[in-house]
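The shown structure was predicted, so the numbers you read here are calculated from the model rather than taken from an experiment.
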Amino acid sequence: MATRKASCNCGQLSVTYEGPDPERVSLCQCYDCQRRTGSVLSVQARLPIEHLTIEGQSTTWTVPSDSGKPASRCDSMGGTYHFCPDCGSTVYWEISNVPEIVGVAVGGFVDPTFPPPMISGFEAYGRAWVMNISDLPMPGGHHDHDGTSQGGPRA
């Protein structure tokens, strides 16, 4: 069991995880993740809430649900993002359709041993000039959507 801590830039908001390596670390290229991170992709770990300790104050933004529509982003089922009111870093988020799991931005973990992504989603939204993520080994596969019932593997 490892203890890992993710925090915002100023350190006011943090998540401490005590548990085994995450069951899912995903790389996402959906447009919402691109806007949320200010980068062309995001990497997040989905962690069981019972292994987390959250400290500090957060400001939240809730994504409206697109239930019943084809997935166009990884949080199409809705979710609430928690970011630091002081420095603005997004640290973690609640996933509406999986309340026992919390998404945590892997970039918040200053830990070079953090496990690599095992699934890649929304590759159809990726920028052509980004490294060829489709060539990376992903035990969970490569997906045009998020690799769940919201979308399937790439053709």
Side-chain angles (χ1 to χ4, degrees), residues 1-11 13-56 58 63 71-84 87-155:
M1 295 263 202
T3 299
R4 294 185 164 105
K5 185 174 184 175
S7 69
C8 63
N9 277 323
C10 71
L13 179 60
S14 67
V15 173
T16 302
Y17 173 69
E18 294 185 59
D21 280 350
E23 289 185 21
R24 179 176 169 144
V25 178
S26 57
L27 185 149
C28 185
Q29 296 182 72
C30 81
Y31 294 142
D32 282 358
C33 280
Q34 290 182 38
R35 284 188 291 268
R36 176 181 57 79
T37 64
S39 184
V40 295
L41 52 90
S42 69
V43 182
Q44 56 268 327
R46 291 189 179 182
L47 303 172
I49 198 164
E50 72 265 10
H51 292 281
L52 298 177
T53 302
I54 298 169
E55 297 177 291
S58 69
V63 179
S72 63
R73 60 180 197 249
C74 64
D75 56 11
S76 62
M77 300 303 285
T80 299
Y81 288 88
H82 292 260
F83 55 95
C84 177
C87 69
S89 301
T90 301
V91 178
Y92 70 98
W93 50 93
E94 300 162 51
I95 305 166
S96 295
N97 62 332
V98 194
E100 68 278 5
I101 299 293
V102 172
V104 180
V106 170
F109 292 98
V110 182
D111 178 356
T113 67
F114 201 90
M118 56 191 66
I119 188 170
S120 175
F122 291 89
E123 291 184 349
Y125 295 76
R127 309 285 173 98
W129 49 264
V130 174
M131 65 179 183
N132 192 349
I133 292 166
S134 295
D135 287 343
L136 295 175
M138 294 283 169
H142 294 271
H143 303 270
D144 285 333
H145 295 290
D146 72 352
T148 68
S149 61
Q150 297 173 32
R154 296 186 76 181

Any donor and acceptor pair, going by atom type alone, linking the side chain of Ser58 with main-chain N or O of Phe83 inside 3.5 Å? no
Does Ser26 reach the side chain of Met118, with side-chain heavy atoms less than 4.5 Å apart? no
Between Phe122 and Gln34, is there a side-chain heavy-atom distance shorter than 4.5 Å? no
Tightest non-hydrogen contact, residues Ala6 and Val104, listed as CB-CG1, 3.8 Å
Heavy-atom closest contact (Val106 atom, Ala45 atom, distance): CG2-N, 3.6 Å
Let me confirm one number: the OH-OG distance from Tyr92 to Ser14, rounded to the nearest 0.5 Å. 9.5 Å
At what distance, to the nearest 0.5 angstrom, does SG of Cys28 lie from CD of Glu123? 10.0 Å
Using the side-chain contact (heavy atoms from CB on, under 4.5 Å) rule, take Val25 and Phe114 through it: C-alpha gap first, then chi angles, then the decisive distance, then the call. CA-CA 10 Å; Val25 178; Phe114 201 90; 4.0 Å; yes
Do Val102 and Val15 make a side-chain contact, defined as non-hydrogen atoms from C-beta onward lying under 4.5 Å apart? no
Taking all heavy atoms of Thr37 and all of Ser42, pick out the closest pair and write down the distance. CG2-CB, 3.6 Å
Once the angle between the rings of His51 and Tyr17 is folded into 0 to 90°, is it parallel (under 30°), tilted (30 to 60°) or perpendicular (over 60°)? perpendicular
To the closest 0.5 Å, what do you measure between CD1 (Ile101) and CD (Glu94)? 12.5 Å
Heavy-atom closest contact (Arg4 atom, Thr113 atom, distance): NH2-O, 3.6 Å
Ile49 side, atom CD1; Glu100 side, atom CD - distance, nearest 0.5 Å: 9.0 Å
Is Gln29 close to Arg127 at the side-chain level, that is, under 4.5 Å between some pair of heavy atoms? no
Of all heavy-atom pairs between Ala105 and Thr90, which one has the smallest distance, and what is that distance? CB-O, 3.9 Å
Closest non-hydrogen contact found for Gly79 with Ser96 is N-OG, 3.3 Å
Rounded to the nearest 0.5 angstrom, the CG-CZ distance for Leu47 and Arg24 is 12.0 Å
Working to the nearest 0.5 angstrom, can you tell me the gap between Glu18 CD and Met1 CE? 9.0 Å
